[in-house]
Visitor: 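Mind having a look at this structure? Questions to follow.
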Amino acid sequence: MFEPGHLHLVNLPGLGTQELDIHLYYEVRNDSEKGPVVHFRMTGEIEGRNFEEEFELRRDTAFNFASVATRLAAKHGLHPQLGPVVRNHRDYDAMFEDIREKLSAHPGEPVDLDRLLRGD
């Protein structure tokens, strides 16, 4: 379930019996060196094990949030063969648009592919 600044994921469709309850919070911050960044905090539990992770993505790579969140969830027990943690396209699209609005980003803006591939 999506609301601006927060995505709540519970027992994702198509994931069979793997139990999870994940909250992904985000906000735009201004870093003196990097400029605008999106700060993410992911908390919850997967198969009864609690976890918390935080990460930041620069303005031009912030839209890679689902990939980073999936990798972190896998680190804490999400089965990697089950696909992305943000599976509901409606929630993903709403979160993507909210982040784009918060960053005042526009389609066609350049992305530093080297930084994206390095995960900076």
Side-chain angles (χ1 to χ4, degrees):
M1 181 171 75
F2 171 79
E3 61 185 36
H6 176 232
L7 179 62
H8 184 205
L9 307 163
V10 180
N11 296 338
L12 303 174
L15 291 185
T17 60
Q18 189 165 35
E19 294 181 25
L20 54 94
D21 185 358
I22 299 173
H23 294 269
L24 183 58
Y25 301 95
Y26 60 94
E27 66 182 355
V28 173
R29 296 179 177 178
N30 192 26
D31 183 282
S32 60
E33 293 178 20
K34 299 175 186 177
V37 297
V38 181
H39 179 83
F40 294 86
R41 184 172 61 90
M42 191 163 79
T43 66
E45 63 179 61
I46 299 173
E47 293 293 322
R49 292 182 303 248
N50 292 325
F51 74 94
E52 182 168 347
E53 292 277 355
E54 294 188 40
F55 61 98
E56 286 187 341
L57 296 172
R58 292 177 188 237
R59 183 179 190 273
D60 66 333
T61 60
F63 305 105
N64 196 34
F65 66 88
S67 175
V68 176
T70 298
R71 191 170 55 248
L72 291 173
K75 174 179 151 183
H76 291 283
L78 179 69
H79 196 284
Q81 292 181 338
L82 298 177
V85 71
V86 184
R87 296 175 65 86
N88 182 314
H89 286 286
R90 187 174 13 168
D91 288 340
Y92 174 85
D93 291 345
M95 189 169 168
F96 188 97
E97 276 303 313
D98 187 47
I99 290 171
R100 182 161 42 192
E101 282 181 30
K102 287 177 177 3
L103 290 171
S104 298
H106 305 284
E109 289 185 18
V111 173
D112 185 333
L113 293 177
D114 288 332
R115 188 168 50 231
L116 178 67
L117 293 173
R118 285 191 318 266
D120 293 348

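Please read all numbers here as calculations on a predicted model, not as lab measurements.
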Visitor: Under the criterion side chain to side chain contact (heavy atoms under 4.5 Å, CB included), I'd like the reasoning laid out for V38 against F65: C-alpha separation, chi angles, the key distance, then a yes or no.
Guide: CA-CA 9 Å; V38 181; F65 66 88; over 6 Å; no
Visitor: Restricting to non-hydrogen atoms, name the atom on L103 and the atom on R59 that form the minimum distance, rounded to 0.1 Å.
Guide: O-NH2, 3.0 Å
Visitor: If every non-hydrogen atom of L24 is compared with every non-hydrogen atom of A69, which pair is closest and at what distance?
Guide: CD2-CB, 4.3 Å
Visitor: To the nearest 0.5 Å, what is the distance between CD1 (I46) and CZ (F51)?
Guide: 4.5 Å
Visitor: Can you find a heavy atom in the side chain of K102 that is under 4.5 Å from one in the side chain of P36?
Guide: no
Visitor: Using 4.0 Å as the upper bound for N to carboxylate O, is an ion pair formed by E27 and R41?
Guide: no
Visitor: Find out whether Y25 and H39 are in side-chain contact, i.e. whether some heavy atom of one side chain is under 4.5 Å from a heavy atom of the other.
Guide: no
Visitor: For a side chain to side chain contact (heavy atoms under 4.5 Å, CB included) check, start with the C-alpha distance between H6 and Y26, then their side-chain angles and the critical distance, and finish with the verdict.
Guide: CA-CA 6 Å; H6 176 232; Y26 60 94; 5.8 Å; no
Visitor: Between F2 and F96, is the ring centre distance below 6.0 Å?
Guide: no
Visitor: Which heavy atom in A66 sits nearest to a heavy atom in Y92, and how many Å separate them?
Guide: CB-CE1, 3.9 Å
Visitor: Between F40 and A62, what is the shortest heavy-atom contact and its length?
Guide: CZ-O, 4.3 Å
Visitor: On a heavy-atom basis, which atom in I22 and which in E45 lie closest, and how many Å separate them?
Guide: CG1-O, 4.4 Å
Visitor: How long is the span from the CE atom in M95 to the CD atom in E3, to the nearest 0.5 Å?
Guide: 11.5 Å
Visitor: Begin with the C-alpha distance, continue with both residues' side-chain angles, and end with the deciding distance and a verdict on side chain to side chain contact (heavy atoms under 4.5 Å, CB included) for L7 and L9.
Guide: CA-CA 7 Å; L7 179 62; L9 307 163; 3.9 Å; yes
Visitor: Quick one: pull up CG in D93 and CZ in R100 and give me the separation to the nearest 0.5 Å.
Guide: 10.0 Å
Visitor: So, do V37 and L57 sit near enough that their side-chain heavy atoms are less than 4.5 Å apart?
Guide: no
Visitor: Is H76 close to M42 at the side-chain level, that is, under 4.5 Å between some pair of heavy atoms?
Guide: no
Visitor: Which heavy atom of R49 sits nearest to which heavy atom of G77, and what is that distance?
Guide: NH2-CA, 3.6 Å
Visitor: Just by distance, no angles: are the side chains of D21 and H8 close enough, under 3.5 Å, to form a donor-acceptor pair?
Guide: yes
Visitor: Rounded at 0.5 Å granularity, tell me how far CD in E56 sits from OG1 in T61.
Guide: 10.5 Å
